[in-house]
Amino acid sequence: MPARPHVFVAASTALLAAAVIPATVLPALAVPTEAPHAPTPHTPMSLDPAARVLVSPMSPASPVSPDPATSAPPSSEPATSDPVTSDLVPSAPAPPPSSPAPPKRPGAPGPAAGPPAGKESFKHDGSPEDGPVTAAALRSRADGCDQISNGRYRTRESTPATIPVCDARGAVFWKADMDIDCDGQATAHCNRAADPYYQDTTAYTQADGRALNPEELPYIVVPLSSSIWNYRSSGIRGGSVAAVIHRDKVQYAVVGDTGPPGIIGEASYATARALGIAADPTGGGVPSGVTYIVFKDSEISQLDDQETITRRGDELAKQFIRDN
């Protein structure tokens, strides 16, 4: 009987046997991927075209030129995984296993991370690098008290004198209540009808010589000089910049008015409103929890220049944190 049918059976059997060859053996047995497309020079094209067109279960149909060794007479034994069969079964090389991420070297720096939106960035020593200063950062530097006043102040005539003025590098501060000062230019919320103690003047004036506008300008009130404390001796004057802190808010203001010599803790309608404090001059304010930090030798020439107040306040607040 002619030998070609047997070659076809042998080749087909070898193909099926190669399909079950373990995956770990195939890479070693597979011919280069170019072999199905260009026969090697030493391989004769001796097989019938029908016998040379094989379909691999691992790749599209490709014409294969079998090696002469595969033209051996048929055998009654089942085909084995003889290396010769690799010439008949083109297979795509197995994809390389993905490499795991290399372990992090001890002490290697991690990805850089910036500060959260809306928060300031601080160095290890607590000094701010950029961004606005928070209430917590300022309050932490006004913890404790190096008392500079000769005595203590009351928050009202009916309360005991418990509030000292404290000294610090570049500033003085006190912790008190907040009463609402509506003195100055008459406005919709600050006038004689709204405030029985209203006065149309302030101790210090704006650039055009008029009294300050309590509804628009953030300013604070300092006690008139007395034996308890003379604010001028501490480098505080009209127009000195201050940071007023309540809860999580900071409002920059100026020294704009003076009050009774034995009472402390008062700010303008605009200051209270900016801090979220009820600004009603008769029933507003808060009984405690307000920190006033007034920066020494920081007066500005135009008390109603709010842009300058805010810019200088931020600069001085950062300096205060660095120095204390």
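Nothing fancy with the numbering, it's 1 onward along the sequence.
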Please round to the nearest 0.5 Å and tell me the distance separating atom [atom1] of [X] and atom [atom2] of [Y].
| X | Y | atom1 | atom2 | value |
| --- | --- | --- | --- | --- |
| Thr155 | Met178 | OG1 | CE | 13.0 Å |
| Asp195 | Ile180 | CG | CD1 | 10.0 Å |
| Phe320 | Ile293 | CZ | CD1 | 4.5 Å |

Thinking salt bridges, do [X] and [Y] make one under a 4.0 Å N-O criterion?
| X | Y | answer |
| --- | --- | --- |
| Asp323 | Lys318 | no |
| Arg139 | Asp143 | no |
| Arg311 | Glu307 | no |

Mind listing the closest non-hydrogen atom pair of [X] and [Y] along with its distance?
| X | Y | value |
| --- | --- | --- |
| Pro132 | Asp314 | CA-OD1, 3.9 Å |
| Tyr219 | Asp183 | OH-O, 2.8 Å |
| Pro214 | Cys182 | CG-O, 3.4 Å |
| Ala194 | His189 | CB-O, 3.5 Å |
| Thr258 | Leu224 | OG1-CD2, 3.5 Å |
| Gln306 | Pro218 | OE1-CD, 3.7 Å |

Checking Ile228 against Tyr153 for the side-chain contact (heavy atoms from CB on, under 4.5 Å) test, could you report, in this order, the C-alpha distance in whole Å, the side-chain angles of both residues, the deciding distance, and whether it holds? CA-CA 8 Å; Ile228 301 175; Tyr153 287 94; 3.5 Å; yes

Extract all donor-acceptor atom pairs below 3.5 Å that involve side chains of residues 234-249 and protein atoms in other chains or at least two apart in sequence.
unit_1, atom_1, unit_2, atom_2, d
Ser234, OG, Trp229, NE1, 3.0
Arg237, NH1, Asp297, OD1, 3.4
Ser240, OG, Arg237, N, 2.9
Ser240, OG, Arg237, O, 3.0

Mind checking side chain to side chain contact (heavy atoms under 4.5 Å, CB included) for Gln185 and listing every partner two or more places apart, or none if nothing turns up? Gln206, Arg210, Asn213

Using 30° and 60° as the class limits, which term best fits the ring planes of Tyr292 and Trp174: parallel, tilted or perpendicular?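 Answer is parallel, since the angle falls under 30°.
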
Going by heavy atoms in the side chains, are Pro281 and Tyr198 under 4.5 Å from each other?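 Side chain of Pro281 against side chain of Tyr198, heavy atoms only: no contact under 4.5 Å found.
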
Heavy-atom side-chain contact between Val254 and Ile300 under 4.5 Å: yes

Can you pull the salt bridge (Lys or Arg N to Asp or Glu O under 4.0 Å) pairs that have at least one residue in residues 169-180, sequence neighbours excluded? Arg156-Asp179

Which residue in the set Thr205, Leu212, Ile309, Val255 passes side-chain contact (heavy atoms from CB on, under 4.5 Å) when paired with Leu303? Leu212

Distance alone, cut at 3.5 Å: any donor-acceptor contact between the side chains of Thr308 and Asp305?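 On atom types as modelled, these side chains qualify, holding a pair under 3.5 Å.
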
